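Right, one structure below, let's go through it.
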Amino acid sequence: MAFWLFKSEPDAWSWDQQVAKGEAGEEWTGVRNYQARNNMRAMKVGDRGFFYHSNIGKEIVGIVEVCAESAPDSTADDPKWDCVTIKAVQPVPRPITLEEVKQTPELADMVLVRNSRMSVQPVRDEEWDFICKMAGL
DNA sequence: GCCAACGTTGGC
DNA sequence: GCCAACGTTGGC
């Protein structure tokens, strides 16, 4: 199983909204970046991801799971754009802020730090485990 | 609100 | 195929 990180501005789509969708989950539409799209294409059902709030909060607030693999994004006018469907699994007991990630040497190579503009990004197994521990999981 | 970083576009 | 111009993202 692979791990990922999904970034969203809570003004546009928040963790609470994601939770409200329940088991059905929600299509992760709107990605218009090749790298991010390719990351989604690499996802398998059952893969897990962090849900990160950008701009407001700037912290990892929850865990999500991929419940449908990459399919055409219905909100795109070009069929080259895909999206996956994700559902909320659980909130993290203690949110992990971007500041904390930056201050943690073990996490200094995360895409979140290295390429802050990548909206859907891979997370290494070690990074996943480390953050889960930090977050009280 | 500003601006640096980065991706995309389009002229040559 | 290069690169300048432009638009967008997201941290601060």
Side-chain angles (χ1 to χ4, degrees):
Chain A
M1 170 168 58
F3 300 109
W4 312 91
L5 183 145
F6 297 83
K7 205 180 333 190
S8 183
E9 295 186 38
D11 275 351
W13 184 257
S14 70
W15 171 250
D16 287 344
Q17 286 174 285
Q18 184 70 47
V19 169
K21 289 290 175 178
E23 281 296 302
E26 179 77 357
E27 287 189 321
W28 200 253
T29 55
V31 171
R32 301 292 182 268
N33 170 283
Y34 289 103
Q35 255 184 287
R37 182 203 65 182
N38 292 343
N39 288 333
M40 288 196 291
R41 285 184 174 178
M43 293 178 191
K44 301 292 180 195
V45 169
D47 279 2
R48 297 216 158 177
F50 291 125
F51 193 103
Y52 174 82
H53 276 166
S54 63
N55 287 321
I56 300 167
K58 280 170 284 181
E59 57 190 4
I60 291 167
V61 291
I63 306 290
V64 294
E65 185 175 311
V66 176
C67 50
E69 285 169 24
S70 171
D73 180 343
S74 59
T75 70
D77 46 15
D78 191 317
K80 69 185 177 186
W81 301 117
D82 288 355
C83 65
V84 293
T85 302
I86 60 173
K87 65 181 181 186
V89 175
Q90 60 174 323
V92 292
R94 194 177 75 80
I96 301 301
T97 64
L98 176 63
E99 192 185 3
E100 273 184 276
V101 170
K102 284 184 167 176
Q103 286 172 357
T104 304
E106 288 86 347
L107 304 176
D109 280 334
M110 283 189 74
V111 180
L112 192 64
V113 177
R114 289 297 176 94
N115 182 0
S116 62
R117 293 185 41 170
M118 187 57 49
S119 61
V120 179
Q121 46 184 269
V123 173
R124 295 179 205 282
D125 291 7
E126 316 87 80
E127 293 164 347
W128 180 270
D129 292 341
F130 203 91
I131 290 173
C132 284
K133 281 179 192 159
M134 284 175 76
L137 288 167

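In the text below, chain A, chain B and the rest are named by the order of the sequence lines, each starting its count at 1. Not measured: the values here are computed from a predicted model.
Taking a cutoff of 4.0 Å between a charged side-chain nitrogen and a carboxylate oxygen, A:Arg32 and A:Asp78 do not qualify as a salt bridge. Ionic pairing of A:Glu9 and A:Lys58 is not present here: no N-O contact between side-chain nitrogen and carboxylate oxygen is shorter than 4.0 angstrom.
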For this session: Mark up nucleotides 1-6 of chain C, 5' to 3', with B wherever a protein heavy atom is under 4.0 angstrom from a base atom, S wherever such an atom reaches only the sugar-phosphate, and - elsewhere.
Result: ------

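Here the CZ-CG distance, from A:Arg37 to A:Asp73, works out to 11.5 Å after rounding to the nearest 0.5 Å.
A single hydrophobic cluster is not seen to contain both A:Val66 and A:Val111; linkage of ILVMFWY side chains at heavy-atom distances under 4.5 Å, directly or through other members, places them apart. A:Leu137 is not connected to A:Val61 by any chain of hydrophobic side-chain contacts under 4.5 Å among Ile, Leu, Val, Met, Phe, Trp and Tyr, and they are in different clusters.
Using cut-offs of 30° and 60° for the angle between ring planes, the A:Phe51 and A:Trp28 rings count as perpendicular.
For the pair A:Trp81 CH2 and B:dG7 P, the computed distance is 12 Å after rounding to whole Å. Here the C1' atom of nucleotide C:dT8 and the CZ atom of A:Arg32 are 14 Å apart, to the nearest Å.
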Check nucleotides 9-12 of chain C against the protein and report each pair of N or O atoms closer than 3.5 Å, with its distance, or say if there are none.
{"unit_1": "C:dG10", "atom_1": "OP1", "unit_2": "A:Lys7", "atom_2": "NZ", "d": "3.4"}
{"unit_1": "C:dG11", "atom_1": "OP1", "unit_2": "A:Tyr52", "atom_2": "OH", "d": "3.1"}
{"unit_1": "C:dG11", "atom_1": "OP2", "unit_2": "A:Asn55", "atom_2": "N", "d": "3.0"}
{"unit_1": "C:dG11", "atom_1": "N7", "unit_2": "A:Asn55", "atom_2": "OD1", "d": "3.4"}
{"unit_1": "C:dC12", "atom_1": "OP1", "unit_2": "A:Lys102", "atom_2": "NZ", "d": "2.7"}

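Proximity of the aromatic rings of A:Trp81 and A:Tyr34 is defined here by a centroid distance below 6.0 angstrom, and this criterion is met.
The environment of A:Lys133 atom NZ is sparse: at most 12 non-hydrogen atoms of other residues, nucleotides or ligands sit within 6.0 angstrom.
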